[in-house]
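Working notes for the structure below.
Order of the sequence lines sets the chain letters (A, B, ...), proteins ahead of strands, with each chain counted from 1. Quantities reported herein were computed from a predicted structural model and do not represent experimental measurements. We use all heavy atoms of the structure for the numbers below, so side chains are in, but hydrogens, waters and symmetry mates are not.
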There are 2 protein chains.
Amino acid sequence: MNNLASIESGLAELDMRAGATLTDRLFDALQRAIVEGEIPQGGKISEPELARRHGVSRSAVREAIARLEARKLVERKPNLGARVVVLSAEQLIEIFQLREALEGMAARLAAQAMSEAEIDALDALLAQHGRQIEQEQGQAYFQKQGDLDFHFRIVQGSQNRQLIGLLCDDLYHLLRMYRVQFGMRSKRCRQAFAEHQYLLSAIRARDPEMAELLMRQHVRASRRNLEQALG
Amino acid sequence: MNNLASIESGLAELDMRAGATLTDRLFDALQRAIVEGEIPQGGKISEPELARRHGVSRSAVREAIARLEARKLVERKPNLGARVVVLSAEQLIEIFQLREALEGMAARLAAQAMSEAEIDALDALLAQHGRQIEQEQGQAYFQKQGDLDFHFRIVQGSQNRQLIGLLCDDLYHLLRMYRVQFGMRSKRCRQAFAEHQYLLSAIRARDPEMAELLMRQHVRASRRNLEQALG
DNA sequence: TTCTCAAATTATGTCGACACTTTGGGTCTA
DNA sequence: TAGACCCAAAGTGTCGACATAATTTGAGAA
C-alpha cells in the first residue's frame, strides 16, 4: 500500500480502475476538468497547487501535465509552466480542415470495413437522434453530443488504428472543449441530421467513394457554418 | 549554473541551444538514436541505464521518454517500462492511408497558399533530384531523403499549423525510422519523380482539386508498392 | 536434468528537497 | 508621478531516496 496518497481526500473524485497509476488518474481528472471548462482557456496549470489539491507530489502532476501537452490540451513553455490552450478562430478552422481529410478517409474505410451489425446500430442511433430533434428536447447539448457520437462510430468503423487514435484520443477532446467553452448551438442541426442519413446510406450501399464525398461535404459545411459564426 | 550536469561527459553529444532544458536535449538525442536505428525496434528504453549513460537523473530521462511516447516512437506500459515501437506491416499500411488523406489535403491547401518563391524553390529541388537520378549516384538514401524533403515542403506550404505539426513533428519521424530500419530501396523512384513533377505543375497552375488528386494517387501508389513488398 | 518456487536483484512509481528563473511588490531617484 | 532597481515570494527544473512491482537467480524437489 502506498504511504498515504490513497487515503487523501483529494483523490476521492478519481476513479480507481485497476492497474492505473496515480498519474493516469490525475490525467483523467485534469483532462475532464479542462474539457468541461472547469479550468478556462488560457488558465494556468500550477504544479504546486494541483499537487496540494489532490494530495500528491509534483512528480505525478508533472507527468500528467506532460500527457495533456501531448494531447494538445495545454501548452508548456520552459520555466513558465503550462496553460490551457486557447483556440483561435484560425486554429479551429484548421482543425476542421484536418477533420475533412481524416474523417473523409474514415468514412471511405468504414464503408468497406463496418459490419452489418455496426451499420444497424448506427441506424438505430440516427433514428434516436431524429426523435430527439422532432421533440426539440435534447437541444444543443444532446445534439452536439449525438453528432460526436455519430462521427465517433464512423471512425471506429474504419478499423484504422492510426485514424482512431488520432481522432478519438486527441482531436475529439479538443473539439468537445471548444464546444463546451463556446456553448455553440448550431442552427443547422436538421441539415446535419439529413447529411448523416445520406452518409449512412452510402455506407450501407458499401460505396466508399460516395461515403468519403458525403463526409467531406458534411464537415466542410460545418466549417463554413463556423466561419460565418466566428467571422 | 547547474550543479554538475553541464560538465558531465555524457552530455557532450547534445547540442547546447539556448533556452533548452535538459529534457529537451535528452529528447532530441533519444529521438535521433531511435530514428537512426541505434536503438532497435522493440528495444528497451531503460531509465537507469540512460540516466547513467548521459549523467543525468531519472526525472529528466522519464520526461524525455514521455515525449517520445507522445510522438508514438515508444510505447510505455505501467510498471513495465518503455520500448521502441514495432511497426507491423498493417500499421505501416494504415499510416500510408493517413498520409493519403493528410497530404492530399496539404497539397490542396498548398496549391492555394504557397508563394511563387516557394514554388520556384520546389522546382529547383525537383531539378536537383532529376540530376541525381540520372547520375544514379545518390541512390536509395538520397532519393528517399529527397522524397521526404519534397513532401515536407508541400506540407509546409499548406500553412495549416495542425497539418504541419501532425505530419512534420510526428508522422515523418516514424516514417524515417521505418525507412532506416528496413533499408528499403524503392524501385519506383523514377515513377515517383515523375509524379512529383505532375504535382508541382498542378500547384503552379493553382489547381487545388488536381493537386489533391495527384498527391493522393502518388501516396496510394507508394502504399501499393509497399503492400506488394511486404505482403 | 528440468521444473518450481522463493530470495535477491533490478526497474518503475512516487516522494520531498534544492537550485535557478520568473514574478510581484516596494523603494529610491529623477 | 513615472521609471529603474532590488529584494522577497512563488514556480519550475533537476536531483536523490524510498516503496512497490517485475525480473532474474539459484536452490531444492520431482
Side-chain angles (χ1 to χ4, degrees), chain A residues 1-12 14-30 39 42-70 74-84, chain B residues 1-12 14-30 39 42-70 74-84:
Chain A
M1 192 89 253
N2 206 339
N3 339 17
L4 56 126
S6 47
I7 58 173
E8 278 290 331
S9 60
L11 283 176
L14 303 177
D15 74 318
M16 290 297 176
R17 99 191 102 89
T21 179
L22 228 192
T23 298
D24 290 334
R25 303 201 292 266
L26 261 177
F27 169 72
D28 287 347
L30 287 178
I39 310 175
K44 182 108 209 316
I45 310 282
S46 164
E47 297 177 7
E49 184 200 327
L50 288 173
R52 271 194 305 277
R53 177 126 53 96
H54 294 264
V56 300
S57 81
R58 271 183 56 222
S59 308
V61 174
R62 270 179 79 82
E63 197 150 332
I65 292 178
R67 289 199 214 169
L68 292 174
E69 187 185 20
V74 310
E75 280 175 352
R76 225 165 52 154
K77 290 178 184 169
N79 294 317
L80 292 182
R83 296 185 166 279
V84 177
Chain B
M1 193 89 250
N2 206 340
N3 339 16
L4 55 127
S6 47
I7 58 172
E8 278 289 331
S9 60
L11 283 176
L14 304 177
D15 74 318
M16 289 297 177
R17 97 189 104 88
T21 180
L22 228 192
T23 298
D24 290 333
R25 303 201 292 265
L26 261 177
F27 169 71
D28 288 346
L30 286 178
I39 310 175
K44 181 115 207 323
I45 310 282
S46 164
E47 296 176 9
E49 184 200 326
L50 288 172
R52 271 194 306 276
R53 176 125 53 96
H54 293 261
V56 301
S57 81
R58 271 184 55 220
S59 308
V61 174
R62 271 179 78 83
E63 199 151 330
I65 291 178
R67 289 199 214 169
L68 292 173
E69 186 185 21
V74 310
E75 281 174 351
R76 223 164 58 155
K77 290 177 184 170
N79 294 319
L80 291 183
R83 295 185 166 278
V84 177

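Atom NZ of A:K77 is separated from atom P of D:dT12 by 14 Å (rounded to the nearest Å). Between the P atom of D:dT12 and the CZ atom of A:R76 lies a distance of 9 Å, rounded to the nearest Å. Separating the CG atom of B:L22 from the C1' atom of D:dT12 is a distance of 14 Å, rounded to the nearest angstrom. Here the C1' atom of nucleotide C:dT12 and the CZ atom of B:R83 are 14 Å apart, to the nearest Å. Between the NZ atom of B:K44 and the C1' atom of D:dT23 there is a distance of 10 Å, rounded to whole Å. Distance B:R52 CZ to C:dT10 P: 9 Å, rounded to the nearest Å. Separating the CD atom of B:E63 from the C1' atom of D:dC15 is a distance of 13 Å, rounded to the nearest angstrom. Put simply, CD on B:E47 is 15 Å from P on D:dA22, counting in whole angstrom units.
Comparing B:E49 and A:L80 along DNA chain C, the residue whose closest nucleotide (by nearest heavy atom) sits nearer the 5' end is B:E49. Positionally, the nearest nucleotide of DNA chain C for B:P48 lies more toward the 5' end than for the other of A:P78 and B:P48.
On a pure distance criterion of 3.5 Å, no polar donor-acceptor pair joins the side chain of A:R58 and the base of D:dG11.
Between B:T23 and D:dT14 there is a side-chain N or O to OP1 or OP2 distance below 4.0 Å. Distances shown here put a side-chain N or O of B:S57 below 4.0 Å from the OP1 or OP2 atom of D:dC15.
With respect to the salt-bridge test (charged N to carboxylate O, under 4.0 angstrom), the residues A:R67 and B:E63 do not qualify. A salt bridge does not link B:E75 to B:R83: none of the charged side-chain nitrogens sits closer than 4.0 Å to a carboxylate oxygen.
Comparing C:dC15, D:dT14, C:dT12 against the side chain of B:N79 picks out C:dT12 as the nearest. Side chain of B:T21, nearest nucleotide from C:dC15, D:dG13, C:dA11: D:dG13. The side chain of B:R62 lies closest to C:dT14, out of D:dC15, C:dT14, D:dT12.
Between A:R76 and A:I65, the closest side-chain pair of non-hydrogen atoms falls below 4.5 Å.
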>> If you apply the rule side chain to side chain contact (heavy atoms under 4.5 Å, CB included), what do you find for A:T23 with A:L26, and how did you get there?
In response: CA-CA 5 Å; A:T23 298; A:L26 261 177; 5.5 Å; no
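Checked by atom type and distance alone, the side chain of B:S46 pairs as donor or acceptor with a backbone atom of B:E49 at under 3.5 Å.
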